[in-house]
2 protein chains.
Amino acid sequence: MNLKNQVEWALHCCAVLSNLPEGRYLSARSLSEFHGVPKEYLGKALQGLSKAGIVHTTLGPSGGYRLALPAGEITFLNVVEAVEGRKSTFQCSEIRANNPCRPGDFCDDKPCAIARVMWKADEAWRQTLAAVSLADLQQTLQQDLPAEILRRSTEWLLDRAG
Amino acid sequence: MNLKNQVEWALHCCAVLSNLPEGRYLSARSLSEFHGVPKEYLGKALQGLSKAGIVHTTLGPSGGYRLALPAGEITFLNVVEAVEGRKSTFQCSEIRANNPCRPGDFCDDKPCAIARVMWKADEAWRQTLAAVSLADLQQTLQQDLPAEILRRSTEWLLDRAG
DNA sequence: GACAAATTACTCGGATACACTTTGTCCGAGTTTAAAAGG
DNA sequence: CCTTTTAAACTCGGACAAAGTGTATCCGAGTAATTTGTC
């Protein structure tokens, strides 16, 4: 079980969009060029973000994407779920019902004990992702990256932002 | 991203094997019949458990599987990793290196900030799974299930255990 | 110079193709127990 | 009754097939800004 690489791309795109001045838009083409990934396929991920209300888009030239909310109000979980979907990683297919010793009309009052554990783990995963916002990420990146690269990247982006 | 259904099957098989008296073995055929899943394919999952040292197997008639350790020393994580593999759900492909503003010889001293968050979430997931043992599961099941079904199931298993 | 029309640049969505993984089946080789055969 | 041989039941592993999902690519429709053309 692997997350799609679109999740990674979407997160990196959000990190870039966090650095964009308010009201400016950055096109899918520029985002794909900046990250070195195919534009058309990246578009699918961005459409996911758009549908989830995480980014806002405008059409036409100088159109593109910007965050629809302040970076502090968008979490990793929001982005991951927008691309990957909201359903649990563990799918219970109720095979306990196949037990030949169960009466046919027997009805369980609780979900399967195994599924409960797996879902709890899933919940822990989501909670960790929900605890980190794009603003947190931006702060981390500013500590990690040399100022020179940050400056040049910002310049590169502003050159292309509509 | 979904876990394989083999994970679910393997966990259910382990739950059954936890109820087996010490020294008895249960065949893949019986396990597949009990859970209503294809025998050959279930065999693949059991082979994973065997390779990971979670179950012990004997050949020949009256052969089959039993737990290789006390149920209290086998965790959900052990079983899940035996079937699903040990690598993280998030794969960092280092697309930050594609940033056109980075000098070609620049070397990051830390892993990507985005990957760090994703890996932390993965760790939380694993920690939750590592906190529950098969003994815990067995106890939960005994509280959940009616005594009648438990008794009949145990009888069914002992009939077939070698 | 003001207004309308055409062009351009972009997003969005659907259709399509390819590769990889999951899911499942089949069969042969090797191993151990149980049953049958022979003395 | 005891020993040897045969048969049966099982695991293990590899090869193979089908279905589903992930990873793209391509193209047409719609929209907004810009440019061009007209008065």
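Protein chains get the first letters and strands the later ones, always in sequence-line order, with residue 1 at the start of each.
When the side-chain nitrogen and oxygen atoms of R29(B) are compared with OP1 and OP2 of dA9(D), none of them lie within a distance under 4.0 Å. Using a 4.0 Å cut-off, no side-chain N or O of S62(B) falls inside it from OP1 or OP2 of dC10(D). Residue N2(A) places no side-chain N or O under 4.0 Å from the OP1 or OP2 atom of dG22(D).
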Could you walk me through whether S30(A) and L157(A) pass the side chain to side chain contact (heavy atoms under 4.5 Å, CB included) test, one step at a time? CA-CA 8 Å; S30(A) 297; L157(A) 295 173; over 6 Å; no
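Listed nucleotides: dA24(D), dT11(C), dC12(D). Nearest to the side chain of T57(B): dC12(D). Among the nucleotides dC26(D), dT25(C), dG22(D), the one closest to the side chain of E40(A) is dC26(D). For E84(A), the side-chain atoms get nearest to dG22(D) when compared with the rest of dC10(C), dA24(D), dG22(D). In the set dT11(D), dT22(C), dC12(C), dC12(C) carries the atom at the smallest distance from any side-chain atom of S50(A). The side chain of Y65(A) lies closest to dT11(C), out of dT33(C), dT11(C), dT11(D).
Ring geometry, W9(B) versus Y41(B): the interplanar angle exceeds 60°, so the pair is classed perpendicular (tilted spans 30 to 60°).
The interatomic distance linking E8(A) (CD) with dG22(D) (P) rounds to 16 Å, in whole Å. Per the geometry, NZ belonging to K4(A) stands 17 Å off P belonging to dG20(D), to the nearest Å. Atoms CG (L59(A)) and C1' (dA9(C)) sit 11 Å apart, rounded to a whole Å. The interatomic distance linking L46(A) (CG) with dT23(D) (C1') rounds to 15 Å, in whole Å. What separates CD of Q6(B) from P of dT25(C) is a distance of 12 Å, to the nearest Å.
Using a 4.0 Å cut-off between a side-chain N of Lys or Arg and a carboxylate O of Asp or Glu, E94(A) and R96(A) qualify as a salt bridge. With respect to the salt-bridge test (charged N to carboxylate O, under 4.0 angstrom), the residues E81(A) and R126(A) qualify. Using a 4.0 Å cut-off between charged side-chain N and carboxylate O, E148(A) and R151(A) make a salt bridge.
Between the side chain of K44(A) and the base of dG14(C), at least one donor-acceptor pair of N or O atoms lies under 3.5 Å. Judged by distance alone with a 3.5 Å cut-off, no donor-acceptor contact links the side chain of K51(B) to the base of dG13(D).
Using a 4.0 Å heavy-atom criterion, one finds that G64(A) contacts the sugar-phosphate atoms exclusively.
Comparing Q47(A) and Y41(B) by the nucleotide of DNA chain C that holds the closest heavy atom to each, the one mapping nearer the 5' end is Q47(A).
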